[in-house]
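This structure is a prediction, so every number in the text was calculated from the model and none was measured. First the proteins, then the strands, lettered A, B, ... as listed; each starts at 1.
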Amino acid sequence: MADELPKSEKLIDVDYSPPSRGWMDTPVKIRKGMYCYAGNPKSLELLGAPNPRQWNPLDEDWKLPDNWKEIVFEGLRERIDKFRSFKVFMDICVRCGACSDKCHFFIGSGDPKNMPVLRAELIRSVYRNDFTKAGKILGRLAGARPMTLDVLKEWWYYLFQCSECRRCSLYCPYGIDTAEITIIGREILNLLGLNIDWIATPVANCYRTGNHLGIQPHAFKDMMEFFVDDIEEITGVRVEPSFNRKGAEILFITPSGDVFADPGTYTAMGYLMLFHYLKDLGLDITWSTYGSEGGNFGFFTSHETMKRLNAKMYYEAKRLGVKWILGGECGHMWRVIHQYMDTMNGPADFLEEPVNPITGTRFTNAKSTKMVHIAEFTADLIYHNKLNLDPSRNDNLRVTFHDSCNPSRGMGLLDEPRYVIQNVCKNFYEMPANTIREQTFCCGSGSGLNAGENMELRMMGGMPRANAVKFVKEKYDVNMLACVCAIDRAALPALMDYYHPEVDVTGLHEMVANALILPGEKKRTTNLRGEPLLGMEDEDAE
Amino acid sequence: MNANYMYSLIAVIILLLLAYVGVAGMHLEVLFGVIIPYAAIAIFIGGFIYKVVDWAKSPVPFPITTTAGQQASLPMVSPALIDNPKNKTGVVIRMLLDILLFRSLFRNTRFEVRDTNKFSYELEKWLWLFALIFHYAFLTVVVRHLRFFTEPVLLPVQLLEKLDSFFQVGLPVLYLSGVALLAASIYLFLRRVFIPQMRYISLPADYFPLFLIMGIAGSGLLMRYFAKVDIVSAKELTMGLVTLRPTIPEGIGAIFYVHLFLVCVLLAYFPFSKLMHLGGIFFSPTRNMPGNNREVRHANPWNYPVKIHTYEDYEDEFREKMIEAGLPVEKMPEPKENLEEGKKE
């Protein structure tokens, strides 16, 4: 696969001129490198999802149910009635084009069907045909077209080239949110068993084992024990996390990706060290193997699947009898928690309004949902001067911060992580203003698209982010891209490797832990990655 | 040549001719001056209400606010109270700024590639500027036309006319709004034609209202400054419509009926088209909801229970492995001997 991926110099030379034929007359061409493999039928069966079967997007026959058109029609109708957002967004777009060049997939691919407006028109055209008078009478003149197999394939191809980042919705004069349209479009495709395996299998895993990666409880504990050993080796301090412990005050839930692969693992180690440090100050926290996933790929499947996976958080909090939940660094996880969880699975009246046991701060902004973001938690600790930090241990880093889409545009967590970074590290540089904060660009792999087989698509989608990193790399010698998202930590290293191999990726709490002086620790000579600290190169050589 | 705008242009020309021939050739003044206007207004009002009620009937299951700034969380951060509103006041201000000043569009940037691989996203204000001119010119024109539907003419309308003719150019005095409306619609048309991406996404339904509005503005300007239609008779007709005592005064001239007819078409077309963004913007959940979603619970009227994999299901599958790993469990397995005895029985 790697040898099929074009060189970055070639990929970046994007042709933005649209084809001469209109988009309705340009049938979809499903191209290798741009799509993800079809969902494994076993995963669909485990969830009781419709139409589990082996199928290949490149085949002519997608093995659809005979009445698939009826299913799509009914699926659309049901969602028009259930979601005002969808109905309004289908009706009011004026095609002003403000969104057209805001999408990272359009910037990276030049494919006009990746302009948010056109991605939405793929569905809108069918909506007009089936549900509006103008469309029924005027047909194509009103922008309507009937559903066909080609149209369906086009939906599948382009709805899995949208990472639901909502950058377009920021600029839309009416707030039309393509993510909402993609979410509902994917939900309808799922009624026909049209999914991708990179989403379907993690969902099935999460349902059964509690996390996307399918890590079973004993293995989860084992992996954490490895971290405990590593931490001891580096700091001389043995941390003691607890699992599934009843009566703890706080339940901690974070994406399993950080338990599984570098560089997320260093962030997981960071959590362990922070919690250990706070133990003597009064932190009473437990991990859970049943609730061992913060992320929610169900969100990329359907609203119902999202709810089924998310239910575990409150369910486990209730079983363990904790007071509130602390959540780790993750992107879409926080959109789900901030904008969906309480509505779907709340009210969590068995929990209490979160209070930081160390500072006494009441997190009133999480009063109802009772779940606090760890960046909020740590920022609060630093603000109250509760952490003993030595930022010079991060002196080898020249850091920039990548805002993840969901915490930015679906929550507004912008300055808490910056506050933390600036307290644990001295060299911090922002990327250009139109590429950060609420205007941030996606990593290119969000919403379940971080598979291996669609690497070309991912590199296209990540192009604007990589380009902004290049800017700070050239201007400020930035060598570290920090983020608060596990998908970022899985996706950005590949992106950096492709465009600028000199830039590494880190989580926020990896930097916190590197700066954090644990009581009784030995003199640290390396950071959590085992790299020598600045000025300690000799000692490391011993 | 672009089929999409040709269709729309031809449609508007046909409509224009229809009214002209209808009045000048076939003397269907009653049809074009009374029946169609009443029908158009009925369709507009009925259609508008129908559409708005229809939107309102669909519930808002989730708070999907697009947050465009810092949340209100802790004392070390300063929250964006308008872009990420934490209460109703913030939402109202955000909505007003969007509706009255097109704030979201004001953010617009243009993506460009410089020197092969330097990306830039510069602020692009032209669309915002012309959209604003277009809409406010339109509003001014509409309000100014209240002169034809009130007797005596309302004071605010008179004041607006004064403001609109501020420069005191020409005779009759030139109204800025009419010219601005025509100019802005021409700009909006040209960007659809000349920007390749815009041309690619534009439908006949995007050109049609633009041509229609150009036709309305054009015929209006023509009437006022060149053809010099008899305004007194025109007002007699419009007042007749308002007072429900329709009359057809002699000698208004066909161009007036063309103007009126295009307005009627616009009104009747409105509820079935993208022009309904006028109503829709008030219903957009990404803008009309606060961002305080963890503080205040939003209820979903159709929330339904789902099948979940409970902790008990989970422990049943992994109990032995959990015990072996030293993880606490809810239920200890029965001792093996008992199980075997049980089997024997």
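Residue A:Tyr16 touches chain B through both its backbone and its side chain, counting heavy-atom pairs closer than 4.5 Å. For chain A, the nearby parts of B:Asn108 are the backbone and the side chain; heavy atoms of each come within less than 4.5 Å. Proximity to chain B (any heavy atom under 4.5 Å) is shown, for A:Val88, by both the backbone and the side chain. Residue A:Glu225: no heavy atom, backbone or side chain, is found under 4.5 Å from chain B. For B:Glu317, the part sitting under 4.5 Å from any heavy atom of chain A is the side chain, from C-beta outward, and nothing else. A:Thr26 touches chain B through its side chain: at least one heavy atom from C-beta onward sits under 4.5 Å away, while N, CA, C and O do not. The part of A:Met371 that comes within reach of chain B is its backbone (N, CA, C, O), which places non-hydrogen atoms under 4.5 angstrom from that chain.
For the pair B:Ser284 (side chain) and A:Tyr174 (backbone), a donor-acceptor distance under 3.5 Å is present. Using modelled atom types, no side-chain atom of B:Lys51 and backbone atom of B:Phe272 make a donor-acceptor pair closer than 3.5 Å.
Interatomic distance, B:Arg287 CZ to B:Leu97 CG, rounded to the nearest 0.5 Å: 11.5 Å. Rounding to the nearest 0.5 angstrom, the gap separating the OG1 atom in A:Thr289 from the CZ atom in A:Phe243 is 8.5 Å.
There is no side-chain donor-acceptor pair under 3.5 Å between A:His218 and A:Asp222. Checked by atom type, the side-chain pair A:Arg245/A:Ser242 shows a donor-acceptor distance below 3.5 Å.
Of the listed residues (A:Ser20, A:Cys93, A:Pro347, A:Cys99), the one with the most heavy-atom contacts under 4.5 Å to chain B is A:Pro347. Ranked by non-hydrogen atom pairs under 4.5 Å with chain B, the options A:Ala311, A:Pro217, A:Gly410 are led by A:Pro217. In terms of heavy-atom pairs under 4.5 Å with chain B, the best-connected choice from A:Glu304, A:Met24, A:Arg208 is A:Arg208. Ranked by heavy-atom pairs under 4.5 Å with chain A, the list B:Tyr121, B:Tyr314, B:Phe111, B:Phe318 is led by B:Tyr314. Per-residue counts of heavy-atom pairs under 4.5 Å with chain A were compared for B:Ile323, B:Asp54, B:Ile195; the largest is that of B:Asp54. Among B:Arg103, B:Lys86, B:Met322, the residue making the largest number of heavy-atom pairs under 4.5 Å with chain A is B:Met322. For chain A, the option among B:Gly69, B:Ala72, B:Ser8, B:Ala299 with the highest count of heavy-atom pairs below 4.5 Å is B:Gly69. Most heavy-atom pairs under 4.5 Å with chain B, from the set A:Ser17, A:Gly48, A:Gly135, A:Cys96: that is A:Cys96. No other option in B:Ala205, B:Pro75, B:Ala68 has as many heavy-atom pairs under 4.5 Å with chain A as B:Ala68. Ranked by non-hydrogen atom pairs under 4.5 Å with chain A, the options B:Leu105, B:Asp83, B:Asn84, B:Ile201 are led by B:Ile201. The candidate from A:Asp101, A:Val94, A:Thr364 with the greatest count of non-hydrogen atom pairs under 4.5 Å with chain B is A:Val94. Options A:Glu121, A:Gln216, A:Lys221, A:Lys133 differ in how many heavy-atom pairs under 4.5 Å they form with chain B, and the most are formed by A:Gln216.
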- Task: Just do the salt bridge (charged side-chain N to carboxylate O under 4.0 Å, His left out) check on A:Glu316 and A:Lys312 with the steps written out, would you?
- Result: CA-CA 6 Å; A:Glu316 182 69 339; A:Lys312 280 181 198 181; over 6 Å; no
- Message: Does B:Glu330 form a salt bridge (charged side-chain N to carboxylate O under 4.0 Å, His left out) with A:Lys246? I'd like the steps, not just the answer.
- Response: CA-CA 10 Å; B:Glu330 295 273 346; A:Lys246 282 192 174 179; 2.8 Å; yes
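The salt bridge (Lys or Arg N to Asp or Glu O under 4.0 Å) analysis of residues 188-204 of chain B, with sequence neighbours excluded, yields the pairs B:Arg192-B:Asp206.
Each of A:His373, A:Glu416, A:His338 was scored for a side-chain hydrogen bond (donor to acceptor under 3.5 Å, both in side chains) with B:Gln71, with one residue passing: A:Glu416.
Checked against the 6.0 Å centroid threshold, B:Tyr50 and B:Trp55 do not count as a close aromatic pair.
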